Participant: 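The structure follows.
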Amino acid sequence: MGKAGSKREGAHRMRESGREFLALLSYVWRWKKSVFAMMVIYMVSYTVMMTLQVYLPKAVLAELENRQTVQHLFMVLGIISVFLIGSILLSDHLVVRLQNNNVILQNKMKMDYIHKLLYTEYANLENTEFITMRDTAKAQLYGGDVGEENVSVDLSNFLSSLNTMLATFLSMVFYAVMLGRKSVFITFVVVITGAAIYAVFSQSGKRNYQYNEMISDAWRKAKYATDRAGDFLMAKDVRLYQMEGWLTGVTRKYVGIRRRYKGIVQRFDGEMEALVGVFTAVQRFGVYGYLIYEVLFYGMPASDLVLYAGMAEALSAGLNECFGHMRRIKQMSFSFSCIQKFLQYGKDTQEEALPIKKEAVSIRLEHVSFRFPGMEKDILHDLDFQVESSEKLAVVGVNGAGKTTLMKLICGLLEPTEGRILLNGRDLKELAPDERYTWFSCAFQDVSFLPVTVKENISMRPEQETDSQKAAECLLMAGIREKIESLPKGMQERMEKNVNEDAVDFSGGERQKLVLARALYRDAPVLILDEPTAALDPLAENEMYQKYAEFAKGKTSFFVSHRLSSTSFCDRILLLNGGRVAEDGTHQELLEKGGLYAEMFELQSHYYKEGAAQEGRLA
């Protein structure tokens with residue numbers, strides 16, 4: 001890339017950084033305008049404080065040079081001290097206030113992050129682009145390590161950094177004006193050498209960033225090997241397959257690469273530090289040389305030398321501090337832009353807990369196709385069928401056939417890419433999400449619970465809104481009431497041991513029965529069971545589905561399973577293959593047809609027969 005291209009890229013980056021910074025300022029302004037008033041007051045008090053600190057030695061020397069009385073000296077010192085102490089107290093008070101607001105601001109961002117996860121369209125949670133943005137935003141808010149370097153920037157310091165930068169800049173302007181009135185040369189020397197020092201640090205930062213990517217990559221690989229060496233789950237394989245040498249070799253190799261790159265970075269940093277020392281020496285030589293020349297040849301008072309030397313030092317330190325805060329604010333603005341992109345992605349919903357519907361439901365799919373954004377091929381293609389009110393429909397097929405995706409479309413979690421789904425003649429897409437969900441009771445194969453009581457996990461409502469009798473009946477129908485009643489606290493036992501130390505551990509099969517009880521408690525007119533019994537053996541699953549067939553009377557029901565024998569009781573069976581409806585009919589019709597369903601059923605029944613015979617021989 002030529003110089004022109006490099007300049008254009010640099011200008012583009014500056015514009016981007018400016019937009020990111022303004023976006024962050026706008027976010028803060030909408031959140032709490034009073035913090036800007038605090039910053040203005042702080043800027044004034046900070047400038048007064050720094051000016052008085054620089055002026056104090058000059059005042060003392062001037063009093064001595066003019067041979068003022070002790071009383072006059074103490075009066076001057078007293079007046080300066082009163083204003084100095086007052087500005088220090090006011091500045092410290094505002095710093096504490098802003099630090100508290102820093103924490104509150106970051107907590108607000110975290111709440112916005114959580115709100116986005118809860119209210120974003122469900123389809124986004126399975127969208128690769130959204131997931132990438134989510135992980136990036138999470139790293140900025142909660143911290144995320146890449147190798148030894150933390151990829152996040154502590155946004156809880158934004159207000160403090162901005163406040164200090166603005167106050168430092170105001171005091172620098174004051175110092176520059178005061179020095180300029182005495183000598184433009186001093187101001188020029190300080191500003192030019194300060195800019196040169198910043199350029200050196202910037203170059204060092206760019207070089208370090210380039211090498212840190214390589215250091216992080218090597219560290220990540222070395223860390224993987226060391227983590228595996230201490231992984232209890234892998235310990236058996238390490239010993240049985242003699243992997244010790246491989247793990248040691250990988251660790252040694254990448255630790256060596258990291259050490260080599262670290263050495264390069266440290267040597268470069270040393271060279272840059274030496275260059276900074278040269279610029280600092282030039283600055284001091286220029287400032288003090290000029291002031292000493294003024295004292296020797298033009299009779300400048302020693303008190304003025306102390307004053308202007310102090311201002312020059314303060315201006316130089318202010319430049320370095322201001323540049324440092326600018327660099328940090330730039331990083332924070334970029335971090336916020338990552339969060340903002342995540343927060344602004346797609347559409348959000350505002351859902352309310354509406355009463356469950358009790359009407360009979362018929363569902364019609366009209367040429368429905370679905371694919372996630374970025375996919376080249378449909379997961380489901382041109383599905384066209386009707387499910388009558390109170391009909392029991394089995395949806396079967398091999399893993400990856402699209403069964404779960406179809407259930408998510410039917411209950412409104414996903415929206416079709418093409419076609420439409422009609423619920424009692426109404427397009428599901430036209431219903432608000434909170435209204436869609438009132439028609440469905442669902443039990444999916446991904447079993448999840450909250451760290452609350454068993455009773456609350458069944459009702460998915462707070463304790464005071466839960467019908468204990470109804471919850472107990474649902475546990476009985478799901479076949480797990482006896483287990484719950486055997487516990488010391490019964491339905492009041494808490495779940496999720498990773499949060500509650502005294503929580504109860506349930507087996508995989510027991511957890512799935514609890515999910516089934518949850519679906520029963522909801523008692524909506526459409527029942528969807530998406531392989532919630534996968535952790536049960538085939539006989540237990542068949543028994544559970546037979547129970548559900550009884551409970552589902554009067555409901556439009558979908559039973560999803562890859563075990564064909566478990567769904568033979570259904571009124572109709574849909575066999576999905578390759579994202580399409582391959583076969584449609586009753587269990588007996590599909591067997592007589594002798595197609596894919598009959599072939600799969602024969603293979604599975606043959607497997608179960610062999611398993612039963614084997615158990616008999618072992619017995």
Side-chain angles (χ1 to χ4, degrees), residues 352-361 390 392 407 411 437-537 539-561 566 569:
E352 300 178 11
L354 300 177
I356 301 300
K357 301 291 185 182
K358 297 299 180 184
E359 304 171 30
V361 174
S390 303
K392 299 181 184 67
M407 294 304 103
C411 69
Y437 305 149
T438 59
W439 297 91
F440 299 93
S441 292
C442 303
F444 290 98
Q445 55 187 307
D446 300 323
V447 179
S448 59
F449 295 96
L450 297 173
V452 293
T453 64
V454 171
K455 182 166 68 173
E456 290 170 302
N457 267 299
I458 298 305
S459 68
M460 294 302 287
R461 306 300 301 162
E463 171 82 21
Q464 62 272 18
E465 297 179 24
T466 301
D467 184 334
S468 299
Q469 183 61 36
K470 183 178 178 181
E473 290 173 359
C474 293
L475 289 169
L476 178 63
M477 288 188 286
I480 195 172
R481 180 172 172 177
E482 186 177 345
K483 165 70 177 181
I484 300 301
E485 289 180 342
S486 70
L487 301 173
K489 298 180 183 178
M491 288 194 296
Q492 295 298 329
E493 289 284 0
R494 292 190 173 274
M495 299 183 67
E496 300 304 283
K497 214 169 186 64
N498 58 335
V499 177
N500 299 311
E501 291 183 3
D502 60 342
V504 178
D505 273 332
F506 291 101
S507 67
E510 289 168 341
R511 289 170 71 87
Q512 290 186 325
K513 288 180 180 180
L514 288 170
V515 168
L516 297 176
R518 178 189 291 172
L520 286 171
Y521 186 95
R522 187 168 171 83
D523 195 26
V526 182
L527 178 65
I528 294 178
L529 302 181
D530 179 19
E531 299 198 71
T533 55
L536 303 177
D537 61 67
L539 293 177
E541 181 187 57
N542 185 64
E543 181 184 352
M544 184 62 63
Y545 269 16
Q546 291 293 342
K547 279 186 179 180
Y548 259 83
E550 298 173 14
F551 306 147
K553 287 178 180 177
K555 298 180 185 294
T556 304
S557 308
F558 296 84
F559 295 84
V560 180
S561 180
S566 297
F569 65 88

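Atoms considered below: every heavy atom in the structure, side chains included; atoms not considered: hydrogens, waters and symmetry mates. Not measured: the values here are computed from a predicted model.
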Participant: Please determine whether the number of non-hydrogen atoms from other residues, nucleotides or ligands lying under 6.0 Å from atom NZ of Lys489 exceeds 12.
Facilitator: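 Incorrect, the count does not exceed 12.
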Participant: For side chain to side chain contact (heavy atoms under 4.5 Å, CB included), just list the numbers for Met495 and Leu450, CA-CA rounded to whole Å, side-chain angles, deciding distance to a tenth of an Å, and then say yes or no.
Facilitator: CA-CA 7 Å; Met495 299 183 67; Leu450 297 173; over 6 Å; no
Participant: Looking at CG of Asp467 and CD1 of Ile458, how far apart are the two atoms once the value is rounded to the nearest 0.5 Å?
Facilitator: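 Those atoms lie 13.0 Å apart.
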Participant: What distance do Arg518 atom CZ and Phe449 atom CZ have between them, rounded to the nearest 0.5 Å?
Facilitator: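 Output value for this atom pair is 5.0 Å.
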Participant: Less than 6.0 Å separating the ring centroids of Phe559 and Phe569?
Facilitator: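 Centroid separation for Phe559 and Phe569: below 6.0 Å.
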Participant: Find the distance between CE (Met491) and OG1 (Thr453) and round it off to the nearest 0.5 Å.
Facilitator: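 One gets 8.5 Å once the value is rounded to the nearest 0.5 Å.
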Participant: Does Lys513 form a side chain to side chain contact (heavy atoms under 4.5 Å, CB included) with Phe506? I'd like the steps, not just the answer.
Facilitator: CA-CA 10 Å; Lys513 288 180 180 180; Phe506 291 101; over 6 Å; no
Participant: Around atom CD of Glu465, are there more than 12 heavy atoms from other residues, nucleotides or ligands closer than 6.0 Å?
Facilitator: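 More than 12 heavy atoms, drawn from other residues, nucleotides or ligands, come within 6.0 Å of this atom.
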Participant: Could you tell me the separation between the OG atom of Ser561 and the CG atom of Leu529, rounded to the nearest 0.5 Å?
Facilitator: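 Between Ser561 OG and Leu529 CG, I get 10.5 Å after rounding to 0.5 Å.
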Participant: To the nearest 0.5 Å, what is the distance between CD (Glu473) and CD (Gln469)?
Facilitator: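 Atom-to-atom, Glu473:CD and Gln469:CD are 4.5 Å apart.
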Participant: Determine whether Phe558 and Cys411 satisfy the following criterion, side chain to side chain contact (heavy atoms under 4.5 Å, CB included), listing intermediate values before the conclusion.
Facilitator: CA-CA 11 Å; Phe558 296 84; Cys411 69; over 6 Å; no
Participant: Would you confirm whether Lys455, through its side chain, and Glu463, through its main-chain N or O, come within 3.5 Å as a donor-acceptor pair?
Facilitator: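 Checking the backbone N and O of Glu463 against the side chain of Lys455, no donor-acceptor pair under 3.5 Å is found.
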Participant: Is there a side chain to side chain contact (heavy atoms under 4.5 Å, CB included) between Leu514 and Asn457 once you walk through the steps?
Facilitator: CA-CA 8 Å; Leu514 288 170; Asn457 267 299; over 6 Å; no
Participant: What I want to find out is whether Arg511 reaches Glu496 closely enough, with some N-O distance under 4.0 Å, to be called a salt bridge.
Facilitator: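 Answer for the salt bridge query: yes.
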Participant: What side-chain donor-acceptor pairs closer than 3.5 Å can you find for residues 474-484, not counting sequence neighbours?
Facilitator:
{"residue": "Arg481", "atom": "NE", "partner": "Glu485", "partner atom": "OE2", "Å": "2.8"}

Participant: Can a donor-acceptor pair be found, under 3.5 Å and without considering hydrogens, that links the side chain of Arg494 to the backbone of Asp502?
Facilitator: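 A pair under 3.5 Å: no.
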Participant: Could you grab the distance from atom CD1 of Ile528 to atom NZ of Lys555, nearest 0.5 Å is fine?
Facilitator: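 Interatomic distance, Ile528 CD1 to Lys555 NZ, rounded to 0.5 Å: 12.5 Å.
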Participant: Counting only N and O atoms by type, is there a donor-acceptor contact under 3.5 Å from the side chain of Ser441 to the main-chain atoms of Ala524?
Facilitator: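 The answer is yes, because a donor-acceptor pair under 3.5 Å joins these two groups.
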Participant: Locate the shortest heavy-atom distance separating Phe440 from Arg522; write the atom from each residue and the value.
Facilitator: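 Closest heavy-atom pair between Phe440 and Arg522: O-NE, 2.5 Å.
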